[in-house]
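Have a look at the structure below, then the notes.
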Protein chains: 2
Amino acid sequence: MIKLSKKVEYAILALQYIAENSSKTNTAKEIAGKLSLPYDFLSKLLQTLMKKGLLVSQLGVKGGYKLVKQISEITVEELMNALDERSSIVDCADGDSNCCSRTEICDIRSPIMTLQEQINNIFKNTTIANLKNNINI
Amino acid sequence: MIKLSKKVEYAILALQYIAENSSKTNTAKEIAGKLSLPYDFLSKLLQTLMKKGLLVSQLGVKGGYKLVKQISEITVEELMNALDERSSIVDCADGDSNCCSRTEICDIRSPIMTLQEQINNIFKNTTIANLKNNINI
DNA sequence: TAAATTCCGATAAAAATAATCGTATTTTTG
DNA sequence: CAAAAATACGATTATTTTTATCGGAATTTA
């Protein structure tokens with residue numbers, strides 16, 4: 001609960017890797033290899049990020065992925081949205097008006113939404129660059 | 001992703017219900033009925049909260065549950081812990097030292113922990129009483 | 001002793017997440 | 001042009017987590 005998916009976790013690592021190697025196009029294979037991530041899964045994920053405009057891809061032999069903008073300009077929120085991760089802590093927090101079939105008046109909806117907003121703010125204010133050690137122990 | 005489990009959701013509702021009816025012991029059956037929650041599931045959840053010291057139970061015919069302390073003194077963090085919900089956003093954030101088998105040096109562990117702490121703070125600073133509308137629309 | 005209840009372990013069902021597979025398409029290069 | 005290296009994409013499977021259910025035991029009250 002309240003956990004980042006592997007998708008998001010791998011994407012953070014991959015974006016950071018691409019950022020470090022931004023002079024060239026990076027193949028999914030290389031990234032997966034270097035970071036020991038499952039190739040197929042990563043590959044699909046990168047395609048999604050490409051479709052969502054966070055990466056550009058090049059097809060063919062010299063193909064691979066490049067960043068569109070710097071990782072200091074990509075927020076975790078943006079990444080989660082791109083990967084279709086809903087950050088709604090309860091179902092009714094993202095527009096399900098039937099949420100309150102349980103009780104006549106949903107007693108907790110509004111305060112839960114506030115909780116939601118606080119969490120969203122954290123993800124909104126954290127960039128992929130923020131999630132990187134500057135110190136290599 | 002980043003979602004409260006039904007356990008936590010139901011527990012919030014149940015604790016609020018019990019708080020409103022604190023003059024008597026409340027049976028799992030009644031709470032489930034009034035809130036339209038699945039009895040077996042709720043029942044087990046209340047037993048857990050009892051074991052963790054958030055509720056006291058009384059066996060037998062006039063049995064049921066009562067609060068040990070006021071819901072304004074129970075934080076969401078406490079509830080999640082009681083329900084064995086780990087609020088760790090990544091596996092390595094709760095003591096899995098093997099987390100970094102992927103890369104020699106885990107580049108993101110420390111900043112992820114910071115993110116984790118921010119999220120924890122929210123749950124630490126929100127009580128079950130806070131999650132209740134004072135206005136009934 | 002019967003009824004209402006908590007208590008408890010086991011299991012099943014459903015949903016979400018993660019991973020895999022096969023194949024098509026594109027591009028480069030020899 | 002043909003082969004190789006890569007992305008693109010749909011379908012499917014496997015795994016894990018979450019949610020729900022079941023059966024019966026123990027406890028208390030009346």
Side-chain angles (χ1 to χ4, degrees), chain A residues 1-14 18 24-33 35-66 80 83-91 94 96 102, chain B residues 1-14 18 24-33 35-66 80 83-91 94 96 102:
Chain A
M1 269 305 86
I2 316 296
K3 194 177 150 191
L4 298 183
S5 63
K6 291 293 172 196
K7 260 201 232 179
V8 173
E9 198 181 327
Y10 295 171
I12 291 168
L13 292 166
I18 297 173
K24 62 191 188 75
T25 57
N26 298 274
T27 69
K29 193 177 172 188
E30 178 194 339
I31 301 168
L35 301 175
S36 301
L37 302 176
Y39 168 75
D40 284 300
F41 194 64
L42 179 70
S43 175
K44 187 143 298 179
L45 182 167
L46 293 174
Q47 285 167 34
T48 305
L49 295 184
M50 182 272 298
K51 270 190 240 167
K52 293 299 170 67
L54 293 180
L55 293 173
V56 280
S57 67
Q58 190 186 327
L59 287 178
V61 167
K62 291 248 171 175
Y65 296 94
K66 282 186 126 172
M80 290 171 70
L83 293 172
D84 281 325
E85 302 286 334
R86 295 192 296 157
S87 67
S88 311
I89 56 175
V90 289
D91 296 339
D94 61 358
D96 178 359
R102 265 204 296 280
Chain B
M1 268 308 84
I2 316 296
K3 195 176 147 190
L4 297 183
S5 63
K6 292 293 172 196
K7 264 201 229 177
V8 173
E9 197 180 329
Y10 296 169
I12 291 169
L13 292 166
I18 297 173
K24 62 190 186 73
T25 57
N26 299 274
T27 68
K29 194 178 172 186
E30 179 195 340
I31 301 169
L35 301 175
S36 302
L37 303 177
Y39 167 76
D40 284 301
F41 194 65
L42 179 69
S43 176
K44 185 140 301 179
L45 181 168
L46 293 174
Q47 287 168 34
T48 304
L49 294 183
M50 182 272 296
K51 271 189 243 168
K52 294 299 170 70
L54 293 180
L55 294 173
V56 279
S57 66
Q58 190 186 328
L59 288 178
V61 168
K62 290 246 170 175
Y65 295 94
K66 283 188 127 172
M80 289 171 69
L83 293 171
D84 281 325
E85 301 286 334
R86 296 190 296 156
S87 68
S88 310
I89 56 175
V90 289
D91 296 337
D94 60 359
D96 178 359
R102 264 203 297 280

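Nothing here was measured: the structure is a model prediction, and the numbers come from that model. Order of the sequence lines fixes the chain letters, A, B, ..., with proteins taken first and strands second; residue numbering starts at 1 for each chain.
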5' priority, DNA chain D, between Ser43(A) and Val61(A) [closest heavy atom]: Val61(A)
Minimum-distance pair of heavy atoms, taken over all atoms of Ala11(A) and Leu83(A): CB-CD1, 3.8 Å
Side chain of Pro38(A) (C-beta onward), nearest among dT20(C), dA6(D), dT6(C): dT20(C)
Between dA18(C) atom P and Lys3(A) atom NZ, what is the distance in whole Å? 7 Å
Would you kindly give the CG-to-P distance between Leu49(A) and dC9(D), to the nearest whole Å? 14 Å
Within less than 4.0 Å of OP1 or OP2 of dA6(D), is there a side-chain N or O belonging to Ser57(A)? no
Proximity to the side chain of Lys62(B) - top-ranked nucleotide from dT5(C), dA30(D), dT7(D): dA30(D)
To the nearest 0.5 Å, what is the distance between NZ on Lys6(A) and CG on Leu37(A)? 9.5 Å
When the distance from CG of Asp40(B) to P of dA10(C) is rounded to whole Å, what number comes out? 17 Å
Whole Å only: how far is the CG atom of Leu45(A) from the C1' atom of dC9(D)? 15 Å
Which part of the nucleic acid does Tyr65(B) contact within heavy-atom distance under 4.0 Å: base, sugar-phosphate only, or nothing? sugar-phosphate
For Lys52(B) and dC8(C), give me the distance from atom NZ to atom P, rounded to whole Å. 13 Å
Taking dT6(C), dC8(C), dG9(C) as options, the one with an atom nearest any side-chain atom of Ala28(B) is dT6(C)
Apply side chain to side chain contact (heavy atoms under 4.5 Å, CB included) to residues Leu46(A) and Ile31(A) and explain how you reach the verdict. CA-CA 10 Å; Leu46(A) 293 174; Ile31(A) 301 168; 4.1 Å; yes
To the nearest 0.5 angstrom, please state how far the CD atom of Gln58(A) sits from the OG1 atom of Thr27(A). 12.0 Å
Would you indicate whether Lys24(B), at its atom NZ, is surrounded by more than 12 heavy atoms from other residues, nucleotides or ligands within a distance under 6.0 Å? yes
If you check the Phe41(B) side chain, which of dT26(C), dT21(D), dT28(D) turns out closest? dT21(D)
Check every atom of dA8(D), dA20(D), dC7(C) against the side chain of Tyr10(B) and return the nucleotide holding the closest atom. dA20(D)
Using OP1 and OP2 only, check whether a side-chain N or O of Tyr39(A) sits under 4.0 Å from dT7(D). yes
Between dC8(C) (C1') and Lys44(B) (NZ): distance, integer Å: 6 Å
As a test of reading the structure: which of dT6(C), dC8(C), dC9(D) is closest to the side chain of Lys51(B), going by heavy atoms? dC8(C)
Measure NZ/Lys29(A) against C1'/dA8(D) and give the value in whole Å, please. 17 Å
Where the side chain of Lys6(A) is concerned, which of dT19(D), dA6(D), dA19(C) is the nearest nucleotide? dA19(C)
I need the CG-P distance between Asn26(A) and dA6(D), as an integer number of Å. 12 Å
Gln58(A) vs dA5(D): side-chain N/O to OP1/OP2 distance below 4.0 Å: no
